[in-house]
Number of protein chains: 2
Amino acid sequence: MRRTKPRRFVVPANSSARSAPRAARYERQLPEQRRLALIAATIDCLKRYGHEGLSIRTISARAGVSVGLINHHFPNKDELIAAAYRHFNAELVAGLKAAVARAAPQPRQRLRAFLQASFSPPNLDRDVLAAWVVFWGMYRHSRAIQRVHGENYESYVELVHGLLAELIRDERPRGTSVNLRFIAMGLSALLDGLWLEWCLEPANVRPAEAVALCESWIDNLCRGADSSRLE
Amino acid sequence: MRRTKPRRFVVPANSSARSAPRAARYERQLPEQRRLALIAATIDCLKRYGHEGLSIRTISARAGVSVGLINHHFPNKDELIAAAYRHFNAELVAGLKAAVARAAPQPRQRLRAFLQASFSPPNLDRDVLAAWVVFWGMYRHSRAIQRVHGENYESYVELVHGLLAELIRDERPRGTSVNLRFIAMGLSALLDGLWLEWCLEPANVRPAEAVALCESWIDNLCRGADSSRLE
DNA sequence: TGCCTTACTGTACGATCGTTCAACAACGGC
DNA sequence: GCCGTTGTTGAACGATCGTACAGTAAGGCA
């Protein structure tokens with residue numbers, strides 16, 4: 001709601017302050033740069049303080065700007081958070097894709113690189129995973145978060161699908177078939193679950209063990225031990 | 001901080017109101033009953049409105065009591081939420097154990113009952129899972145939540161361990177061995193991950209498929225297809 | 001019946017929330 | 001040097017937060 005009361009009288013700057021050569025009080029930035037800085041500050045606050053760090057004042061303080069600036073670059077707080085979620089998602093997928101691209105060309109090596117990247121810094125960070133959980137917690141009740149989730153989760157699923165398809169084409173015995181959708185669903189679920197468990201109690205899950213668990217699971221399914229019930 | 005201003009003059013009830021036979025304005029409850037009702041209201045608000053439903057006013061309104069009553073039964077909001085988390089956890093484990101107890105005595109049937117209970121109401125409810133995610137989101141920064149998590153997660157892990165141990169004793173070929181800790185970790189991770197995926201996008205995961213995925217995974221490991229790398 | 005304990009109410013407080021907007025000022029173009 | 005554009009500030013708003021506590025009244029007991 002708009003303010004209705006008149007503003008108080010504003011005392012003008014005195015002449016001495018006006019005549020002295022003043023240092024610049026702030027630096028103007030291009031809108032795109034400032035937006036990125038605000039998004040970075042949002043993610044940083046989320047990692048540090050969890051859900052309670054997502055206040056306009058906390059974020060603007062961390063970004064080193066005034067409280068009013070956020071609403072100059074974003075229509076409201078939800079849109080800022082959604083933008084932060086988009087950035088967060090995009091960075092994750094980009095990092096994983098880069099790790100895969102650096103790996104040897106064999107499907108197995110590429111998949112291993114993907115798994116190892118998933119279970120090593122910067123992804124395997126309690127702060128990062130805490131941020132994920134906060135985003136998930138908003139998913140149900142925030143249209144903006146839902147929209148971004150839909151946009152970016154696609155690309156993650158595609159990545160997992162592609163890696164598994166390569167592997168199956170390479171290693172699967174001729175004449176047998178698997179249900180790729182199920183395997184991909186299971187792998188991403190296993191990944192998420194292990195992530196989550198490590199986040200809640202890091203002592204329970206060692207990263208190398210998590211990778212081994214995932215690989216073992218894929219091995220079993222690819223060898224076709226029993227995927228009939230999954231068709 | 002304590003209030004310093006004096007309270008306003010309180011108008012006494014007029015004589016007609018005092019002399020008329022008044023209906024009881026509220027019903028006194030035993031502390032334990034009231035505590036349970038407040039905990040139930042807290043969980044209900046959490047399911048309905050997510051993190052934003054966890055305000056004293058929202059909870060007390062749903063419980064049908066005044067704002068002040070919560071602090072009469074709980075020292076502060078965090079302790080109420082921790083108590084709700086404890087109740088939530090306990091109900092989950094109790095429900096799962098009851099489902100297992102109702103099943104046929106064969107380890108395989110008992111495990112299947114456990115899985116099916118995990119992926120059917122009341123556990124497989126988007127609201128329930130949304131509540132979990134909110135609790136997880138608080139884990140990092142709330143001592144009370146950490147404490148309760150430690151208390152109750154134990155019993156969940158023990159349940160999974162026990163069911164798997166039965167199954168392995170029954171079905172595992174003689175002379176082979178598996179690492180129970182790994183299998184239990186993987187199973188609970190797979191469960192959590194599938195839960196989470198169903199919560200975020202129910203269309204992607206059908207409950208029966210989730211159960212089948214878990215069973216297939218256990219089958220493979222129990223058959224000892226390859227658990228050497230997990231030792 | 002009157003009394004006492006205590007579950008309970010409801011207002012007030014101070015803090016903090018997201019948002020608004022008049023004023024300020026940095027900086028490119030002239 | 002001046003001007004116009006616009007990125008930026010910061011105080012103030014109204015709402016809402018968790019908590020405190022003076023006061024009310026329900027219900028058991030003598």
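The sequence lines fix the lettering, A, B, ..., with proteins before strands; numbering per chain opens at 1.
Note: CD1 (B:I56) to P (C:dG10) measures 16 Å, nearest angstrom. Whole-Å rounding puts the B:Q29 CD to C:dA7 C1' distance at 10 Å. Atom CD of A:E27 is separated from atom C1' of C:dC27 by 11 Å (rounded to the nearest Å). We find that CZ of A:R25 is positioned 9 Å from C1' of D:dT8, with the value rounded to whole Å.
Annotation: proximity of residues 67-74 of chain B to DNA chain C (heavy atom, distance under 4.0 Å) is found for B:V67, B:G68, B:L69, B:H72, B:H73, numbered in ascending order. For the segment residues 77-86 of chain A, no residue has any heavy atom less than 4.0 angstrom from an atom of DNA chain D. The stretch residues 33-54 of chain A touches DNA chain C through A:L54, each having a heavy atom within less than 4.0 Å of the strand.
Residues A:R57 and B:N76 both approach DNA chain D. Their nearest nucleotides, taken by heavy-atom distance, put A:R57 toward the 5′ side.
Taking the side-chain contact (heavy atoms from CB on, under 4.5 Å) definition, one finds that A:N76 meets it with A:D78, A:E79, sequence neighbours left out. Shown here are the side-chain contact (heavy atoms from CB on, under 4.5 Å) partners of B:V128, two or more places apart in sequence or in another chain: B:K47, B:F88, B:D125, B:W132. The salt bridge (Lys or Arg N to Asp or Glu O under 4.0 Å) check on A:E166 picks up A:R110, with sequence neighbours excluded. Partners of A:R181 under the side-chain hydrogen bond (donor to acceptor under 3.5 Å, both in side chains) rule, at least two apart in sequence or in another chain, are B:E209. Every residue two or more places apart in sequence or in another chain that forms a side-chain hydrogen bond (donor to acceptor under 3.5 Å, both in side chains) with B:E151 is listed here: B:R86. Evaluation of the ring pair (Phe, Tyr, Trp, His ring centres under 6.0 Å) rule for A:Y85 yields A:F135 as partners, not counting sequence neighbours.
With contacts defined as side-chain heavy-atom distances shorter than 4.5 Å, the pair B:S118/B:L96 qualifies.
Pairs passing the salt bridge (charged side-chain N to carboxylate O under 4.0 Å, His left out) check and including a residue from residues 26-39 of chain A, sequence neighbours excluded, do not occur.
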Please tabulate, for side-chain N and O atoms in residues 50-70 of chain A, each donor-acceptor pair with protein atoms closer than 3.5 Å (sequence neighbours left out).
residue: A:S55; atom: OG; partner: A:T58; partner atom: N; Å: 3.1
residue: A:S55; atom: OG; partner: A:T58; partner atom: OG1; Å: 2.8
residue: A:S60; atom: OG; partner: A:I56; partner atom: O; Å: 2.8
residue: A:S60; atom: OG; partner: A:R57; partner atom: O; Å: 3.2
residue: A:R62; atom: NE; partner: A:D44; partner atom: OD2; Å: 3.4
residue: A:R62; atom: NH1; partner: A:D44; partner atom: OD2; Å: 3.0

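Atoms CG and CH2, from A:L196 and B:W136 in turn, are 4.5 Å apart once rounded to the nearest 0.5 Å. A:R102 contributes atom CZ, which lies 14.5 Å from atom NZ of A:K97 (distance to the nearest 0.5 angstrom). Summarising the geometry, atom CG belonging to A:L129 is positioned 9.5 Å from atom CZ belonging to A:R126; distances are rounded to the nearest 0.5 Å.
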Extract from the structure each pairing of a protein N or O with an N or O of nucleotides 1-4 of chain D at less than 3.5 Å, listing the distance.
none

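Between the side chain of A:R28 and the base of D:dT6 there is at least one donor-acceptor pair of N/O atoms closer than 3.5 Å.
Look at A:S66 and you won't find any side-chain N or O under 4.0 angstrom from OP1 or OP2 of D:dG10.
Within the 6.0 Å centre-distance limit, the rings of A:Y139 and A:H149 are counted as a close aromatic pair.
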